[in-house]
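Step one of this worksheet: look at the structure below.
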Amino acid sequence: MRIATFNVNGVNGRLALLLDWLGEAQPDVVCLQELKAPQEKFPQQAIAKAGYGAIWQGQSRWNGVAILAKGRDPVETRRRLPGEEEDEQARYIEAAVDGVLIGCLYAPNGNPIGTAKFDYKLGWLERLIDHAGELRDVDCPVVLAGDYNVIPEDKDAYKPERWLDDALFQPEPRALYRRLLGQGWTDAVRHLHPDETIFTFWDYWRNAFARNAGIRIDHFLLNAQALARLEAAGVDKDARARQGASDHAPVWLDLANG
DNA sequence: ATGTCAGGTCATACCTGA
């Protein structure tokens, strides 16, 4: 089973690119973030025509998450984190597909630091940790995939010093990410490629992609049962190279059949 | 300090979030 996570940065604005990529990559499951579309404007028909069932949580202008499954409908298990019933921001959706439980998340960016946005980021990650603590011991493979908006280590940034004042690189969110790992989750891409320079995001400024001036912020966290089935993982950099691409590349992993 | 996207609007130029 190939699972991909892709911050698409506008599911309608980049629909043609998304459909091309789906057709070529043929992932079995896709977690999408930054739909930037209200619930009723999710392009369900086009995605169904491409062969994918979908569940999604939309929001006007910002955020928005979806889970696609090839040839079947994801079985929804929740569409927001516990403890955020009053939170309007569409940042989490979860479903079972073929015996694997998949959480699709879009953590807050949190910039600028020292503002309510940064505090919201920390609180959101705390809620994610609480929920992940419940999911870790579910008796099936569990995959938490998405845009964590956290640069885990110095080697996950092209030039770490350039990110010192950025919310994605602050000690607090990085410590929360480590706390998550400490619960018993494994960062799949880093696990398989411990010493490689791997980026998943390159900003639109300063020719960042051509210079490979990127950061690694899109992650797959696996519980023990998912880790036992992990075969391969990587970044589909070609998708980022296209005209009109998202600023993120899709990240993927393969799980052995259970 | 700079720079580039998308989506939305008291819209056809400017705002926010990233």
Self-check item: Residues within residues 207-220 of chain A bordering DNA chain B, heavy-atom distance below 4.0 Å
Solution: none

Practice problem: Nearest-nucleotide wise, let me know which of A/Lys41 and A/Arg206 is further upstream toward the 5' end of DNA chain B. | Solution: A/Arg206

Exercise. Quickly work out the A/Leu35 CG to B/dG8 C1' distance and round it to whole Å.
Key: 16 Å

Practice problem: Could you name each residue pair satisfying side-chain hydrogen bond (donor to acceptor under 3.5 Å, both in side chains) that touches residues 135-145 of chain A, not counting sequence neighbours? | Solution: A/Asp139-A/Gln225

Quiz item: Looking at residues at least two apart in the chain, or sitting in another chain, which of them share a side chain to side chain contact (heavy atoms under 4.5 Å, CB included) with A/Leu122?
Solution: A/Phe118, A/Glu172, A/Pro173, A/Leu176

Exercise. Using whole Å, report how far CG of A/Leu15 lies from P of B/dA6.
Key: 14 Å

Quiz item: For A/Ser246, which contact category applies under a 4.0 Å heavy-atom criterion: base, sugar-phosphate, or nothing?
Solution: nothing

Quiz prompt | Inter-nucleotide C1' distance (B/dA13, B/dA1), Å rounded | solution = 24 Å

Give the table of side-chain donor-acceptor pairs shorter than 3.5 Å for residues 100-117 of chain A, with sequence neighbours excluded, one pair per line with atom names and distance.
| unit_1 | atom_1 | unit_2 | atom_2 | d |
| --- | --- | --- | --- | --- |
| A/Tyr106 | OH | A/Glu34 | OE2 | 3.3 |
| A/Asn109 | OD1 | A/Asn111 | N | 2.9 |
| A/Asn109 | OD1 | A/Asn111 | ND2 | 3.0 |
| A/Asn111 | OD1 | A/Ala167 | N | 2.9 |
| A/Asn111 | ND2 | A/Asp166 | OD1 | 3.0 |
| A/Asn111 | ND2 | A/Asp166 | OD2 | 3.3 |
| A/Thr115 | OG1 | A/Pro112 | O | 2.7 |
| A/Thr115 | OG1 | A/Lys117 | N | 3.2 |

Acceptor/donor pairs from residues 45-55 of chain A side chains to any protein atom, 3.5 angstrom cut, sequence neighbours excluded:
| unit_1 | atom_1 | unit_2 | atom_2 | d |
| --- | --- | --- | --- | --- |
| A/Tyr52 | OH | A/Pro27 | O | 2.6 |

Quiz prompt | Residues which pass side chain to side chain donor-acceptor pair (under 3.5 Å) with A/Arg240, listed by chain and number, not counting sequence neighbours | solution = none

Quiz prompt | Sugar-phosphate or base contact per nucleotide [nucleotides 12-18 of chain B; S, B, -; heavy atom under 4.0 Å] | solution = -----BB

Self-check item: Residues in salt bridge (Lys or Arg N to Asp or Glu O under 4.0 Å) contact with A/Arg211, at least two apart in sequence or another chain
Solution: none

Quiz prompt | Residues in side chain to side chain donor-acceptor pair (under 3.5 Å) contact with A/Arg14, at least two apart in sequence or another chain | solution = A/Tyr204

Exercise. With heavy atoms under 4.0 Å as the rule, sort A/Pro38 into base, sugar-phosphate or nothing.
Key: sugar-phosphate

Quiz item: Transitively linked via ILVMFWY side-chain contacts under 4.5 Å: A/Phe201 with A/Val189?
Solution: no

